Peer 1: 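First the structure, then my questions, so here it is.
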Amino acid sequence: MDKILDAIMKKLINSGYVKEDDTEIVRYGLEIIIMKTIITSLALLIAAIMKSFIAIIIFLTFFILLRSNCGGYHSNSRICCFILSIAMLIAVIVISKLLHSTSRLYVSALFSGTGAIIITIFAPTETPTKPFDDIERKVFRRRSLIATAFAIAIAAVTAVFRLYTPLLSVSSAIFITAVLLIAGRISNRKGAKI
């Protein structure tokens, strides 16, 4: 991936689109875009192969909404990020395949309830590379609570209409976001200074 980034950066600098002073920021942004594109593409491919396309689309929609507002754990390497992301998606697919109707309802209630409580207590969780100032902390706190309330509302509506696959997808997004918040707090305490 570094070779691809180097080639893109070289073209951008030579073409005058990027100033020499901005190369580090632009490179980081490109790296994030490429990683997210690869992970999302692979997720959709896995979902299509495992016939869980709707479950993964719904999961990704709510997970991205929650994660971008709540923060949480971020791995230190691209490889680790990639492996954890794919493992998380496979876990969501496996859970949706293994559980059936009524058990999906109970697991979803557990995931949504536990996740919402954890998010309410811990969100937002900053990272060593992206610490919050007081205003950002308040803004992301409000956004995380609104996003969580929205996800809970959608989960409730899907439960009422007995749409168990979307319910489990939304609930999984809430729960995994909460787990990553706790992991982020633990990771921040162990080594990184914020």
Side-chain angles (χ1 to χ4, degrees), residues 1-97 122-133 136-137 139-140 143-144 147 169 172-194:
M1 186 150 128
D2 286 327
K3 289 180 182 181
I4 294 169
L5 285 169
D6 290 341
I8 293 170
M9 288 305 300
K10 187 175 180 180
K11 281 200 179 257
L12 289 173
I13 292 167
N14 290 341
S15 301
Y17 291 115
V18 176
K19 295 177 185 173
E20 200 69 42
D21 296 344
D22 298 332
T23 55
E24 192 173 315
I25 293 169
V26 173
R27 182 184 173 89
Y28 178 74
L30 282 172
E31 183 177 339
I32 297 298
I33 290 169
I34 291 169
M35 278 298 294
K36 286 186 178 188
T37 301
I38 291 169
I39 290 169
T40 303
S41 299
L42 189 58
L44 295 176
L45 178 66
I46 291 168
I49 291 168
M50 296 183 78
K51 297 180 182 162
S52 296
F53 197 75
I54 292 172
I56 289 299
I57 291 292
I58 294 169
F59 170 79
L60 286 174
T61 300
F62 283 91
F63 182 72
I64 290 167
L65 170 69
L66 290 164
R67 186 88 159 109
S68 62
N69 289 295
C70 295
Y73 177 77
H74 286 276
S75 58
N76 293 329
S77 73
R78 285 184 233 142
I79 299 293
C80 186
C81 175
F82 181 78
I83 291 169
L84 288 174
S85 297
I86 298 305
M88 174 186 66
L89 292 165
I90 290 172
V92 170
I93 292 170
V94 168
I95 288 170
S96 73
K97 294 282 186 188
F122 292 112
T125 296
E126 57 196 354
T127 63
T129 57
K130 190 180 176 188
F132 297 134
D133 61 32
E136 287 175 321
R137 186 171 283 106
V139 167
F140 280 101
R143 285 181 183 176
S144 66
S169 295
S172 295
I174 294 167
F175 185 72
I176 290 172
T177 299
V179 169
L180 291 172
L181 283 175
I182 292 171
R185 291 283 174 124
I186 292 168
S187 175
N188 292 344
R189 283 190 180 167
K190 280 188 174 178
K193 293 178 183 173
I194 294 179

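What you see is a predicted model; the values in this text were computed from it and never measured. Position 1 is the first residue of the sequence, and the numbers go up from there.
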Peer 1: So does Gly184 get a backbone contact from the side chain of Asn188, meaning a donor-acceptor N/O pair under 3.5 Å?
Peer 2: yes

Peer 1: My understanding is that only one of Ile4, Leu5, Val26 makes a side-chain contact (heavy atoms from CB on, under 4.5 Å) with Glu31; could you say which?
Peer 2: Leu5

Peer 1: Check whether Ser144 reaches the backbone of Phe140 with its side chain - one donor and one acceptor, N or O, closer than 3.5 Å.
Peer 2: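 Yes; judged by distance alone, with no hydrogens or angles, the pair exists.
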
Peer 1: Between Arg27 and Asp2, is there a side-chain N and carboxylate O pair less than 4.0 Å apart?
Peer 2: yes

Peer 1: Rounded to the nearest 0.5 Å, what separation is found between the CG atom of Leu42 and the CG atom of Leu44?
Peer 2: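 So the CG of Leu42 and the CG of Leu44 are separated by 9.0 Å.
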
Peer 1: Please report the interatomic distance CG(Asn69) to OG1(Thr177), rounded to the nearest 0.5 Å.
Peer 2: 10.0 Å

Peer 1: So, taking the atom named OG in Ser85 and the one named CD1 in Ile39, what distance separates them when rounded to the nearest 0.5 Å?
Peer 2: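 Atom-to-atom, Ser85:OG and Ile39:CD1 are 3.5 Å apart.
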
Peer 1: Quick one: do Asn14 and Lys11 satisfy side-chain contact (heavy atoms from CB on, under 4.5 Å)? Show the steps, please.
Peer 2: CA-CA 5 Å; Asn14 290 341; Lys11 281 200 179 257; 5.9 Å; no

Peer 1: Report yes if the side chains of Cys81 and His74 come closer than 4.5 Å at any heavy-atom pair, otherwise no.
Peer 2: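 Cys81 does not reach His74 side chain to side chain.
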
Peer 1: Report yes or no: does Thr40 contribute a side-chain atom to a donor-acceptor pair with the main-chain N or O of Thr37 at less than 3.5 Å?
Peer 2: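 Here the side-chain-to-backbone pair does not exist.
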
Peer 1: Just wondering, do Glu126 and Arg137 contact through their side chains at under 4.5 Å, heavy atoms?
Peer 2: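 Heavy-atom side-chain distance check passes, below 4.5 Å.
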
Peer 1: Do the non-hydrogen side-chain atoms of Phe62 and Ile174 ever get within less than 4.5 Å of each other?
Peer 2: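 No, side chains not in contact.
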
Peer 1: Hey, what do you get for OH (Tyr28) to CD1 (Ile33), rounding to the nearest 0.5 Å?
Peer 2: 11.0 Å

Peer 1: Give a yes or no answer on whether the side chain of Ser15 reaches the backbone of Tyr17 with a donor-acceptor pair at less than 3.5 Å.
Peer 2: no

Peer 1: Considering only heavy atoms from C-beta outward, does the side chain of Met35 approach that of Ile32 to under 4.5 Å?
Peer 2: no

Peer 1: Which heavy atom of Ile13 sits nearest a heavy atom of Glu20, and at what distance?
Peer 2: CG2-OE1, 3.9 Å

Peer 1: Identify the heavy atoms of Leu181 and Gly71 that sit nearest to each other, and give their distance.
Peer 2: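 In terms of heavy atoms, the two residues are closest at CD2-O, 3.6 Å.
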
Peer 1: So do the side chains of Ile56 and Phe63 get within less than 4.5 Å of each other, counting heavy atoms only?
Peer 2: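 The answer is no; the side chains never approach within 4.5 Å.
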
Peer 1: In this structure, are over 12 heavy atoms from other groups packed under 6.0 Å from Leu45 atom CG?
Peer 2: yes

Peer 1: Report all side-chain donor-acceptor pairs from residues 87-94 shorter than 3.5 Å, counting only partners two or more places apart or in another chain.
Peer 2:
none

Peer 1: Treating Ser52 as the side-chain partner and Ala55 as the backbone partner, does any N or O pair qualify as donor plus acceptor under 3.5 Å?
Peer 2: no

Peer 1: Step through the shown structure and confirm whether more than 12 heavy atoms of other residues, nucleotides or ligands are within 6.0 Å of NZ on Lys10.
Peer 2: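 Check fails, neighbour count at 12 or below.
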
Peer 1: Using the rule given for side-chain contact (heavy atoms from CB on, under 4.5 Å), can you reason through Leu30 versus Leu12, listing the C-alpha separation, both sets of side-chain angles and the distance that settles it, and then say yes or no?
Peer 2: CA-CA 11 Å; Leu30 282 172; Leu12 289 173; 3.9 Å; yes

Peer 1: Answer whether the closest heavy-atom distance between the side chains of Ile182 and Tyr73 falls below 4.5 Å.
Peer 2: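 SC-SC contact between Ile182 and Tyr73 ruled out.
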
Peer 1: Nearest 0.5 Å, what's the CE-OG distance between Met50 and Ser96?
Peer 2: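 The CE atom of Met50 sits 8.0 Å away from the OG atom of Ser96.
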
Peer 1: Between Arg185 and Thr125, does any side-chain donor sit less than 3.5 Å from a side-chain acceptor?
Peer 2: yes

Peer 1: Taking the side chain as C-beta and beyond, is there a heavy-atom pair between Ile176 and Phe59 under 4.5 Å?
Peer 2: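 Yes, at least one pair of side-chain atoms sits under 4.5 Å.
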
Peer 1: Counting C-beta onward and ignoring hydrogens, is there a side-chain heavy-atom pair between Cys70 and Pro124 closer than 4.5 Å?
Peer 2: no

